[in-house]
Amino acid sequence: MGDKREEHVDTAEAQEALRKTEQHLNLVLELAGITAARVDTDLRHTWVKDQGPNSISETEALGKRDDELFPPDVAEPTVELKKAVIETGKPLTRTVTFQKSTGDRVYSIRAEPMRDSEGNIEGVMQAAVDITDEQRQQEQLNVATRMLRHNLRNRVTTLLGQAEMLDEHLSKLPDDDKLTELRDVLETLDGGIQATDPDSSLKSNLNPPLVEAKQLADDLSDLSKSNVSEMSQTIRQVTNRLYDVTEKVDRFLILADSHTYYDRTAGTELRPTLEAVQKEVTQAYPDAEVNIEGDIDTTVLAPSNELRIGLLELVENAIDHNDRPDPRVEIRIRTQDADRVLVQVVDNGPGLPVHEARVIEETTEAPLEHGSGMGLWLAQWASHKNGGPLQIDATEQGGTVVSLTLATDSD
């Protein structure tokens, strides 16, 4: 009798704990705006928590398929997603647009297989988040950024044109030897004029233009070819930096456009990605040597564009800050365990500047404080999205090694 009473108490406590857990889950789903559901292998709902506009109740949904509850344009993509999960046995993510009375809404839907204790698939669990506002903000940001890039490139083109005109005028300026000869002639002429009769009309007529000619010679001397060359070189350096900024903007747009965060369906083969980075960098920096070593025939769980941008920024940054005549960068691949791989970028330079390292150490610092830090900031961003923060260490030779840990496709 006592055992039954204790069993009844345990059951009551378990039910109460389950009720509180479900209550808490409902609160979390409601605050996060997540719609969740489970279906069996026939795609019929066994559990539903719909938080979205025009939502359906669990009573309405239980035992029914999506194509029995929603119009074809809404049901078709979700039914196909669940079918694919059951067929492949792998989790999948899709972005789907639904037409609703409140307007088009965009959802990010994640579906994963449900398995019994023996590993057999017994259904699909699904979660959907409304990303409409986020996507619209992203689209607005992209438009504004592209406009900035377009206008900036136009200004860069104008500045380069001005630099070319400056170079053309520079080619027409007399050199220092000719200016010295001109000043000698003017001084000789001035001496001859001063030796004439003070009341001579020739002296009074020639003095003003002679003074003007001597001043012009002095001005030309001040505006020497070396000075103008420095001005022209400065303009070109500034415009090249501005053009580099537009390249960073392009890469920023690629990162900003990607909503993937460790999507297990986004596997990337390292070999083609690393070889693409190697080729692009050696074309841009013909004096640099870029080598790859390690197990590069590995698939990592990171979108290829994001991984390429992160590595490209790290390698370019290593070369840009290398004052050696023979800059060398090595991309090393090290297997940490069955699920992780370490990607390292090692250089033979003088070490990472303090203000560059601060971009990594202080994630709140904007890259605008030091424009050259923008590339490292992009690499840090790509790293955070696909594995974690970058790790920076010094080599025994005084160079820098930057490490990034990535998950591997171990399935």
Side-chain angles (χ1 to χ4, degrees), residues 90-93 244 246-286 288-322 327-349 352 359-360 374-393 399-411:
K90 294 183 177 181
L92 296 172
T93 302
D244 287 343
T246 65
E247 293 293 312
K248 305 298 183 189
V249 170
D250 287 340
R251 295 173 185 177
F252 163 79
L253 286 173
I254 293 174
L255 290 178
D257 279 339
S258 174
H259 300 289
T260 305
Y261 193 88
Y262 254 129
D263 183 352
R264 292 189 65 83
T265 65
T268 296
E269 295 181 2
L270 274 181
R271 178 182 288 276
T273 302
L274 296 177
E275 290 177 349
V277 170
Q278 183 185 42
K279 180 179 180 181
E280 189 168 345
V281 172
T282 51
Q283 287 179 343
Y285 301 87
E289 179 182 340
V290 180
N291 297 312
I292 304 171
E293 69 98 9
D295 184 11
I296 65 174
D297 292 314
T298 303
T299 299
V300 296
L301 301 179
S304 59
N305 274 340
E306 294 185 8
L307 181 59
R308 182 185 66 83
I309 288 173
L311 292 175
L312 193 60
E313 293 293 346
L314 290 177
V315 175
E316 288 180 347
N317 195 76
I319 296 173
D320 285 335
H321 293 94
N322 196 327
R328 293 193 309 276
V329 179
E330 191 171 85
I331 305 175
R332 299 173 182 171
I333 309 301
R334 299 286 185 266
T335 300
Q336 290 189 309
D337 51 44
D339 300 317
R340 295 181 302 169
V341 66
L342 186 68
V343 181
Q344 295 180 310
V345 176
V346 186
D347 64 61
N348 67 334
L352 194 68
V359 175
I360 300 299
M374 189 174 183
L376 202 57
W377 179 77
L378 280 174
Q380 171 80 319
W381 187 14
S383 174
H384 268 298
K385 291 186 70 179
N386 297 290
L390 297 176
Q391 180 178 336
I392 301 177
D393 299 291
T400 304
V401 51
V402 183
S403 304
L404 165 63
T405 301
L406 296 173
T408 59
D409 188 358
S410 55
D411 293 339

Item to check | Value rounded to 0.5 Å, distance of CG in Leu342 from OG1 in Thr405 | outcome: 5.0 Å
Next on the checklist: Which heavy atom of His321 sits nearest to which heavy atom of Asn317, and what is that distance?
Outcome noted: ND1-O, 3.0 Å
Item to check | Distance, nearest 0.5 Å, that separates CG of Asn322 from CG of Asn348 | outcome: 4.5 Å
Checklist entry - Do you know the tightest heavy-atom contact between Val402 and Thr400? => result CG2-CG2, 4.0 Å
Checklist entry - Which heavy atom in Thr273 sits nearest to a heavy atom in Glu269, and how many Å separate them? => result OG1-O, 3.2 Å
Checklist outcome for this item: Checking Val290, Val315, Val329, Asp320 against Tyr285 for side-chain contact (heavy atoms from CB on, under 4.5 Å), the one that qualifies is Asp320
Next on the checklist: Run Arg332 and Glu330 through salt bridge (Lys or Arg N to Asp or Glu O under 4.0 Å) and show every step you take.
Outcome noted: CA-CA 6 Å; Arg332 299 173 182 171; Glu330 191 171 85; 2.5 Å; yes
Checklist entry - To the nearest 0.5 Å, what is the distance between CD (Glu275) and CG (Leu270)? => result 10.5 Å
Checklist entry - Which atom names give the shortest non-hydrogen contact between Arg334 and Gly294, and what distance separates them? => result NH1-CA, 4.3 Å
Checklist outcome for this item: Minimal heavy-atom distance between Val281 and Glu316, with the atoms involved, is CG2-CG, 4.3 Å
Checklist outcome for this item: So CG of Asn305 and CG of Leu307: to nearest 0.5 Å the spacing works out to 9.5 Å
Checklist entry - Going through the checks in order, is the side chain to side chain contact (heavy atoms under 4.5 Å, CB included) test met by Thr298 and Ile296? => result CA-CA 5 Å; Thr298 303; Ile296 65 174; over 6 Å; no
Checklist entry - Under 4.5 Å between any side-chain heavy atoms of Leu314 and Leu404, yes or no? => result no
Next on the checklist: If I take atom CD from residue Glu289 and atom OG1 from residue Thr282, how far apart are they, to the nearest 0.5 angstrom?
Outcome noted: 11.0 Å
Checklist entry - Does the side chain to side chain donor-acceptor pair (under 3.5 Å) test come out yes or no for Asn291 and Glu293, once each step is laid out? => result CA-CA 7 Å; Asn291 297 312; Glu293 69 98 9; over 6 Å; no
Next on the checklist: Between Val343 and Ile331, is the side chain to side chain contact (heavy atoms under 4.5 Å, CB included) condition met? List the steps.
Outcome noted: CA-CA 7 Å; Val343 181; Ile331 305 175; 4.2 Å; yes
Checklist entry - Which distance, rounded to the nearest 0.5 Å, do you find between the CG of Leu406 and the OG1 of Thr268? => result 9.5 Å
